[in-house]
Amino acid sequence: MKNVYEFIQPSDSITFLAEDNKIAFVSALLLGRGQAGCRNTASEDENIPSMMICMNEKQCEETRLSYLGETLSEYLDKNKAKIVECFESFSYASVEERKMSDDAIAAITDEEKLKEFKNTHEDRNRSSMSQWVKSAWSYAESFKK
């Protein structure tokens with residue numbers, strides 16, 4: 001069972017699914033480039049340290065190693081499929097809206113219609129020029145190759 005996570009940045013409610021906190025950490029870190037937070041909605045207590053904007057490179061590397069138990073590159077090599085799934089799950093939806101969004105996506109079986117629905121949903125629900133969700137989907141495509 002995947003957990004719902006919040007991708008925390010100043011403009012929009014964005015949620016995504018991940019198998020565990022490490023997958024969420026890596027996805028939020030890569031997409032946010034260290035400038036976005038991440039929260040597991042099932043656990044108020046656990047800090048996912050994806051926001052590294054105030055750290056120097058040595059501190060960033062130490063945080064990544066400490067959290068993942070290996071280098072970011074090693075972790076990515078071992079977990080590409082899970083990270084692709086995670087990036088594909090990004091959506092402009094609050095935690096409360098997520099279930100309805102997931103139900104709609106699950107009901108669409110035609111790939112072209114699904115792509116159209118997701119693009120329309122993304123365009124209608126973002127309030128800023130930032131295209132976080134579209135960027136997450138692009139990362140998924142890149143990791144597939």
Side-chain angles (χ1 to χ4, degrees), residues 1-106 108 111 114-145:
M1 171 103 173
K2 294 183 179 167
N3 292 315
V4 176
Y5 291 83
E6 285 183 295
F7 180 75
I8 303 164
Q9 37 63 51
S11 58
D12 297 299
S13 292
I14 298 174
T15 54
F16 63 97
L17 305 175
E19 191 171 293
D20 60 39
N21 288 352
K22 288 182 180 183
I23 296 294
F25 166 76
V26 169
S27 299
L29 180 65
L30 293 175
L31 183 61
R33 294 187 176 105
Q35 298 177 22
C38 179
R39 180 178 82 82
N40 183 339
T41 64
S43 172
E44 294 294 324
D45 299 332
E46 182 150 1
N47 177 32
I48 300 174
S50 63
M51 190 172 288
M52 299 185 184
I53 193 166
C54 295
M55 295 181 185
N56 64 38
E57 186 52 42
K58 183 178 183 215
Q59 292 169 319
C60 290
E61 181 62 25
E62 288 170 356
T63 300
R64 290 188 299 261
L65 277 170
S66 172
Y67 199 76
L68 298 174
E70 58 192 325
T71 68
L72 181 58
S73 178
E74 291 168 332
Y75 190 82
L76 288 171
D77 287 342
K78 293 176 186 173
N79 294 282
K80 277 187 185 168
K82 293 175 185 176
I83 293 168
V84 165
E85 284 181 29
C86 181
F87 279 135
E88 288 176 337
S89 77
F90 271 71
S91 179
Y92 286 103
S94 67
V95 175
E96 296 78 23
E97 298 165 329
R98 185 69 202 210
K99 172 113 176 74
M100 186 171 52
S101 175
D102 288 344
D103 288 347
I105 288 169
I108 302 170
E111 281 298 316
L114 178 59
K115 187 175 181 179
E116 182 181 326
F117 171 80
K118 288 173 91 174
N119 283 326
T120 300
H121 182 268
E122 190 263 353
D123 223 26
R124 285 186 181 153
N125 288 289
R126 69 181 166 84
S127 65
S128 71
M129 294 303 289
S130 298
Q131 294 189 5
W132 293 106
V133 172
K134 196 173 275 185
S135 295
W137 298 342
S138 292
Y139 272 108
E141 289 302 315
S142 295
F143 274 91
K144 284 180 186 178
K145 296 175 184 176

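Residues passing the salt bridge (Lys or Arg N to Asp or Glu O under 4.0 Å) test with K2 are E85, sequence neighbours excluded. E111 pairs by the side chain to side chain donor-acceptor pair (under 3.5 Å) definition with nothing, not counting sequence neighbours. In this view, E116 satisfies the side chain to side chain donor-acceptor pair (under 3.5 Å) rule with no residue, not counting sequence neighbours. Every residue two or more places apart in sequence or in another chain that forms a side-chain contact (heavy atoms from CB on, under 4.5 Å) with K99 is listed here: D103. Applying the side chain to side chain donor-acceptor pair (under 3.5 Å) rule to N21 yields the partners Y5, N40, E46; only residues at least two apart in sequence or on another chain are considered. Legend: residues meeting side chain to side chain donor-acceptor pair (under 3.5 Å) with E74, ordered by chain and number and at least two apart, are T71. In terms of the side-chain contact (heavy atoms from CB on, under 4.5 Å) criterion, residue partners of K144 (sequence neighbours excluded) are, by chain and number, V84, E88, E141. Residues meeting the side-chain contact (heavy atoms from CB on, under 4.5 Å) test with S89, sequence neighbours left out: F16, L17, R98. Not counting sequence neighbours, the partners of L76 by the side-chain contact (heavy atoms from CB on, under 4.5 Å) test are V26, L30, L72, I83, F143.
For the atom pair OG of S27 and CZ of F87, the computed distance is 4.0 Å after rounding to the nearest 0.5 Å. Interatomic distance, L29 CG to C60 SG, rounded to the nearest 0.5 Å: 8.0 Å. The OG1 atom of T15 sits 11.0 Å away from the CZ atom of R39 when rounded to the nearest 0.5 Å. Separating the CD1 atom in I23 from the SG atom in C38 is a distance of 11.5 Å, to the nearest 0.5 Å. Atom CD1 in I14 sits 10.5 Å away from atom CD in E6 (nearest 0.5 Å).
A donor-acceptor pair under 3.5 Å is formed between the side chain of T41 and the backbone N or O of V4. Looking only at distances, a side-chain donor or acceptor of Q9 sits under 3.5 Å from a matching main-chain atom of D12. Between the side chain of S101 and the backbone N or O of E97 there is no donor-acceptor pair closer than 3.5 Å.
Nearest heavy atom pair, residue A18 against residue C86, reads CB-SG, 4.0 Å. What you find for Q59 and C54 is that their closest heavy atoms are OE1-O, 4.3 Å. Contact between G37 and A28 at its shortest, heavy atoms only, is O-CB, 4.5 Å.
Pairs engaging residues 130-140 under the salt bridge (charged side-chain N to carboxylate O under 4.0 Å, His left out) rule: none recorded [sequence neighbours left out]. For the ring pair (Phe, Tyr, Trp, His ring centres under 6.0 Å) condition, the pairs that include at least one residue of residues 36-78, sequence neighbours left out, are F25-Y67. Each salt bridge (charged side-chain N to carboxylate O under 4.0 Å, His left out) pair with one or both residues in residues 19-32, not counting sequence neighbours, appears once here: E19-K82.
Salt-bridge annotation for K78 and E70: present, with a side-chain N of the basic residue lying under 4.0 Å from a carboxylate O of the acidic one.
With F90 as reference, F7 is the one residue of Y139, F7, W137 to meet the ring pair (Phe, Tyr, Trp, His ring centres under 6.0 Å) rule.
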Salt bridge (charged side-chain N to carboxylate O under 4.0 Å, His left out) assessment of R64 paired with E61
CA-CA 5 Å; R64 290 188 299 261; E61 181 62 25; 2.8 Å; yes

Worked check of side-chain contact (heavy atoms from CB on, under 4.5 Å) between R33 and M52
CA-CA 8 Å; R33 294 187 176 105; M52 299 185 184; over 6 Å; no

